[in-house]
Each structure stands twice: as C-alpha cells, then as structure tokens.
Amino acid sequence: MSFYSIQKTRQTSTTISFLFNLFPVFPSSYHSLPIQQTPFVHSFSPSPTPHCYTSLLQSCIDSKALNPGKQLHAQFFHLGFAYNEVLATKLVHLYAVSNSLPNARNLFDKIPKRNLFLWNVLIRGYAWNGPHDTAISLYHSMLDYGLKPDNFTLPFVLKACSALSAIGEGRSIHEYVIKNGWERDVFVGAALIDMYAKCGCVMDARHVFNTIVVRDVVLWTSMVATYSQNGHPDESLSLCREMAANGVRPTEATLVTVVSSSADIACLPYGREIHGFGWRNGFQSNDRVKTALIDMYAKCGSVKVARALFERLWEKRVVSWNAIITGYAMHGLSVEALDLFEKMRKEARPDNITFVSVLAACSRGRLLDEGRALYNLMVKDYGINPTVQHYTCMVDLLGHCGQLDEAYDLIRHMSVKPDSGVWGAMLNSCKIHGNVELAELALEKLIELEPDDSGNYVILANMYAQSGKWEGVEKLRQLMTDKGIKKNIACSWIEVKNKVYAFLAGDVSHSNSDAIYAELKRLEGLMHEAGYAPDTGSVYHDVEEDEKTSMVCSHSERLAIAFGLISTSPGTRLLITKNLRICEDCHVAIKFISKITEREITVRDVNRYHHFKHGMCSCGDHW
DNA sequence: CGGATAACCT
C-alpha cells in the first residue's frame, strides 16, 4: 500500500467515527427491540429525519464501510424510513459496492419505486462479481419495468456478456445501442469493443472503434487489447504507435497490454521501443508495467535483464514472482527457478500459477523427485486443487523421465478431463522414448480434441518412419489428406541491427541469398569434418514443408542462422525465433555450428528456448 | 453507478 493510500484511509475512517459520535449506532441486538425501547429515540429530541442519514450513508459508500451501513439500515428501518427513495437508493448502492449483493437485492425487491440508478448499481454489481447471467436477466427486467437503459446500464450489461462470451446477447445490445443513439459514446464503445474481443470477433470490435471519431485513451487501449488477446500482437503494436502519433498519452493499462504484445512477438527491438515509450511517459517506476516488462525480456531471451528489473520492483507480488520463475523455467534454468521459488515462499504465498511454473521448471530439468515433492506440497500444504495444467506438467515430467506407464496412469485417474495439452505431453514423451503403442493412443485422443493440428500427426509419422513402419506413414498421410489438414509453413525470424528478417524453408528471396547459401555450404563442409551426418533417411519428410528431403539443409532456422553469421561481427550472440518445433536434424547441426563458429546461438521455437553453446544445448536434447 | 491491463502446460 502506498503512503498516499494509507493517508487516505486514515482520513476517511476519522470522518466516519466523527459522524458516528454524533449519531450513535445501535448494537445489532437492538434489531429485535420494539421501536419505543430503542435508546436512539429516547436520547434525541426531536427524532432524526431521513435527511440526517443521507450524508452518513454517503460516507459509508465512499469508504465501502459495510458494517456501519448495516447498523444505519437497522436504525432507520425502525424509524420507518426504510423505503424512502433517497435512503434506500444509497443503501442499495452501499451493498452493491461492498460486495454484499444478496442484501442489495433483498432491499431492491422491496422498494416500490425503482429509479434507473438503482437498476444500474445492481446490474453493475452482478456484472462485476457474478453470477453474470443475473446481470443480464436484471437488464431485461428493467426493460419490462419500462425504464430506458442509459450510458451506464449498457457498459455494465455488456461487461456481463463479455464475461460469459455471450455473443448473441451482446449483438442484440449492440443493435439497441445503434437504435438509441449511444453509438458514439466512448464508455459504451469501449464496452462493446471489450465484449467483441472476449468473443473473438476482432472485426466487429474494429468496426465499433472506427465508428467513434472522438476517442479517449481507454477506447484506444480496448482496441489495442483486442488485438493482443486475439493473436495479433503486431496489429496491437502498430495501433499503439498510431495512438501515440495522435497525441494520446498511454496509461498503465495501455503499456501493460502493449508490452505483453511485444512479449508475444518475442522481438527485442519492439520490446525496447515500448520500454522507452513507457519511460518517456513517466512509468519507469510502475510495478505493473515492470512486471509486464519482466515477462517480455524473459520471452525475448534476456532473462538477466528480466531479473534486474525484478530486483528493482517496489513490491514483489505473486504475479511478479510467477513471471520471473516462468522466465527461468522457459530457458531451462530449473535450479534458478526452484531457488527463487524457495525465496518466494518466505515473502509471498504461491498460487496455482506459481506451481504450474515450478512444475514446468522441474520438467525442463528432468527433476523427477523435486517435481513429485512440489506437487505434494501444492496439494497438502497449500490446499491447491490440481488443474489440467498441473497435470500436463506432471505428465510431461514423468514422460520425459521415462515413466510412461505412470504418466498414462495419472491421465486415467486425474480429477479433471484430460485436454489436448495433457495428451500432447503424452505424445511428446512417447516420441522421446520411442513408445509407438502409447503414441498411437495419444494421437487418437488428440484427433478427437484438435483434429486440425498438423503437428500431432507429424510426430507420430516421424516415429513410424524412424522405426521403418512405412505402412503407418502412408496411413497417416492418407488420413491427413482425407481430413484436409493444412501443413504448417515453417518460418524463422532473426534480428540484426534492430531489424527483423524472416525466412521460409528453402527461401531464396532474400537479397543476400547467394551469400547465405555459400555460408551454409562452407559450414556443412566443416561440420562433416567434425563428424556431422545428416539424419535424413530415417525421418518422415513429406508432411511438413519444413521437412522435405531436398531441403534438409535449407530449413528456415538454418537460413536465419547463416544470415546472422555473415551479417554480424564474430562472437555476437544470435537470436532466432521459429514458429514450429525445431527439427531433430537442425538441432544436431546447430550444436556443431555453435562449436565451429564459437557463437552462442539461441533458438526460441514454438514452445521453448534452445541455448546452443560450445556444441551443447540447454534443453538437454529432449524437447 | 462508469470503461481498457500483466503471470499458465503440449
């Protein structure tokens, strides 16, 4: 809590107690006393009027003082003012803002004349705290009651739609908005954008955004967040730039959102650009922005910068601990992640996400005993029920350590329905340990859960190919054709001198293409001398573009590396990002390249970091 | 009575 907010709280409570000294409040046992016997009435002459309570209740509302409010309620209930419109309205307001919705609802139902404000605060209460569908049904009751929703009602009920992803209800409210002229209201607009964002309708959100010409920072941020939450981090970044060009200053929310977009792109120049943008706008010591930056630097490969930022936080909250622990886990630095977890336990209470992070760290480091111990710690000491993500980590951990039967056993006995993540971890473990039977079973489940993901088929196809089961390869190829499954096109990116270059497999479109291929050829010669033998015969190459035999040495990651080598000075670290898993053969090749060229090469593939150095990789050759 | 925000496994 900041110094300012402590001061603020103290002042409010002083005001409240001052007022209560003027108007003593009954203990709750007086509720049952007949009105003539209550000390209040005897001690005041003349009796208090409803007006006396107005400012008292307002103070309760301002400081969310629920219990004093309840006592006042009891008082004027006895005095017969309970359904006085002004007092009842304030009380419902107090109950609604202090998370006492059943009380608010009870009183609300008894008030004969319900004004728009009453409906609004109640709908707001349910929209924010749930049950969300209650907010929507209240909205309909309000229409039946004959009141017209205003620019407060509409954002509140839209918030409920957003929480429920109720797109049908959301669209019909949008129609109401258009018919009744709220189209250009920024509050209604931001709520509509958010509702469409949470329902995955990016185009509809953009349409709302375009309709409003006079935009404020929240409207911009809502649209920036829509892109970020729906897998368009690049759009999110460029919209933020457009916002800045329009002279709109970012808020904390804008920055947190756009920093996370740059984390998703995992491209340091963009991240640094946003970091500077935040700095110039005075957010250099904002902990929430800093936490987003910790995540961004870790995802962009600079875990040391992330750690430095973490150490300089004002206050280390759970989210910040989770971000830095996840950062270490992502880079395979399991021991550091677990050390930090031990430190964390002394300062903050780990939550379920913390355990996802540490279990993932164990899995990366093949720390079987530690992982089991942490799982027990979570369930027994912290009373956290395992979610599907914890099971995924455990299956991944057991599977990586060769305990495939135990992993399968865990899946059969887990308390939640295994999802594609769980079966994906199982399939991957089978691949590492060459268990074709269990892999077939896992793929069967995966086809039920996510039939369009080509990566799953590819893993089993490669396993068949490695064990010479060509009829299995053929069967899968046919299955993919029948289901019309699109192959993913592999792409790698590299940053050189603050510019980003993209490469597809077999790409010859780059202006330096000749030099890139010459460098690859030169390296190949040196690699063969060092003992490299391309692993082409045993791998199934026809499923992904990425893995065609003729292109085995021109995979996108190798092109990016070759380009990096000829475009940077000796010794510079290279950072490559790839949209799919790194292939087996490239993994071997890059180990050689790191040794031959004496470079540190980092490849961030679709789900982890590979740090190549002196001919070795941080992933320990299983991924 | 308002609106937008970060950490999560394959």
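A quick note: this is a predicted structure, and the numbers were derived from the prediction, not measured. Below, read A as the first sequence line, B as the second, and so on, with proteins coming before strands; counting in each chain starts at 1.
Within residues 318-327 of chain A, the residues that have a heavy atom under 4.0 Å from DNA chain B are, in order of number, A/V319, A/N322, A/T326.
Applying the 4.0 Å criterion to OP1 and OP2 of B/dT10, one finds that A/R608 has a side-chain N or O inside that range. For B/dG3, neither phosphate oxygen OP1 nor OP2 lies less than 4.0 angstrom from any side-chain nitrogen or oxygen of A/R215. Taking only side-chain nitrogens and oxygens, A/Q229 never comes nearer than 4.0 Å to OP1 or OP2 of B/dA4. Contact check, A/K159 against B/dA4: a side-chain N or O comes under 4.0 Å of OP1 or OP2. Between A/K198 and B/dT5 there is a side-chain N or O to OP1 or OP2 distance below 4.0 Å.
A/V186 comes within contact range of at least one nucleobase, with a heavy-atom separation under 4.0 Å. Across all strands, A/D419 comes closer than 4.0 Å to no nucleic acid atom at all (heavy-atom distances). Here A/W119 lies out of heavy-atom contact (under 4.0 Å) with every strand. Note on A/T392: a base of the nucleic acid sits closer than 4.0 angstrom, heavy atoms only.
The salt bridge (charged side-chain N to carboxylate O under 4.0 Å, His left out) search around A/D150 returns none, not counting sequence neighbours.
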> Going through the checks in order, is the salt bridge (charged side-chain N to carboxylate O under 4.0 Å, His left out) test met by A/D287 and A/K316?
Replying inline: CA-CA 8 Å; A/D287 273 3; A/K316 294 180 175 63; over 6 Å; no

> Going through the distances and angles, do A/N352 and A/Y382 end up as a side chain to side chain contact (heavy atoms under 4.5 Å, CB included)?
Replying inline: CA-CA 9 Å; A/N352 62 330; A/Y382 287 96; over 6 Å; no

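For the salt bridge (charged side-chain N to carboxylate O under 4.0 Å, His left out) condition, no pair includes a residue of residues 212-234 of chain A, sequence neighbours left out.
We find that A/E342 and A/R345 are joined by a salt bridge, their nearest charged nitrogen and carboxylate oxygen being less than 4.0 Å apart.
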